[in-house]
Structure formats: C-alpha cells, structure tokens
Amino acid sequence: AKCRRATAILPHVTVVSPNEDELHALAASLGGSAHDGSGGGGGGGGDMQETARRLAGGARTLLRAGVSYVVVTIGADGVLLYASSYSSTTSAPPLRCY
C-alpha cells in the first residue's frame, strides 16, 4: 500500500534510494520488475556488475516514472547508481571501528 501511494509523487522526485527489496516493491507497483530476468534474486556478495544488470530493470521502471536518479543500496557490497543515460557501481570501502 505504501508503494502505491509513493508512486504518485515519483515524477517530482530527484533521487530515490531503495534497497533491493524496496526497488522490487516500487517497480512492481508501477507494473515493472526489479529484475531483468538474467539471474537469480537476492544480493549477498557475488559479482557487482551482475547485480547491476540484474537490478537495472527496476531502476529503469523508476526512471521512466520520472525519478532523476536511482541509488540502490546493496548492503556491504555498496551502491548502484542509475540515471536515464548513466549507470555506475561503487563498492563500499572497508570500515574500521576503533
């Protein structure tokens, strides 16, 4: 229900930063899919480029809805940045706590 309400404002949103589950829910509420069908679901390590390809469908759905930038958080693996003419991956640097 929250996603359906949120989709109404997407044309007015510059940046949205969902995790993988939230991306899937938002894309589904818009009639799209978070996954492009090229691989299995879920993150948890693995190849960053494959994760980027796998989630590109959901990001494209949000971009078509009017969002300018989609920043998908993928836990300890970093973030994926998508824009209408650009995508990038960034690994999270190790964090040392003292």
Side-chain angles (χ1 to χ4, degrees):
K2 287 182 189 178
C3 284
R4 278 180 269 160
R5 290 192 308 261
T7 57
I9 65 165
L10 289 179
H12 309 287
V13 173
T14 301
V15 178
V16 65
S17 183
N19 62 33
E20 289 186 58
D21 292 336
E22 293 164 340
L23 175 65
H24 177 70
L26 282 167
S29 70
L30 290 166
S33 171
H35 303 286
D36 70 1
S38 65
D47 180 69
M48 182 77 107
Q49 296 300 323
E50 176 56 33
T51 301
R53 283 189 296 276
R54 187 170 44 78
L55 298 176
R60 281 193 299 269
T61 299
L62 297 182
L63 293 168
R64 281 193 300 269
V67 175
S68 298
Y69 300 94
V70 179
V71 181
V72 183
T73 60
I74 52 174
D77 291 330
V79 298
L80 302 169
L81 169 64
Y82 299 90
S84 59
S85 62
Y86 178 82
S87 69
S88 178
T89 61
T90 302
S91 298
L95 178 64
R96 293 184 185 195
C97 298
Y98 297 98

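None of the values given here were measured: they were computed from a predicted structure. Side-chain atoms are counted along with the backbone in the values below, which use heavy atoms only and exclude waters and symmetry mates. All residue numbers in this chain count up from 1 along the given sequence.
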Non-hydrogen side-chain atoms of [X] and [Y] separated by less than 4.5 Å:
X	Y	answer
Arg60	Arg64	yes
Asp77	Thr51	no
Val16	Glu22	no
Leu62	Leu23	yes

Any idea which heavy atoms bring [X] and [Y] closest together, and the distance?
X	Y	result
Thr14	Val67	O-CG1, 3.9 Å
Glu20	Val72	N-CG1, 4.2 Å
Ala52	Tyr82	O-OH, 2.7 Å
Pro18	Leu26	CB-CD1, 4.4 Å

Exercise for the section: May I ask you to decide if Val71's main-chain N or O and Ser17's side chain share a donor-acceptor pair within less than 3.5 Å? Expected result: yes

Exercise for the section: Look up atom CZ in Arg53 and atom CG in Asp47, then write down how far apart they are to the nearest 0.5 Å. Expected result: 6.0 Å

Handout entry: Nearest-0.5 Å distance, OG of residue Ser68 to NE2 of residue His12
Key = 12.0 Å

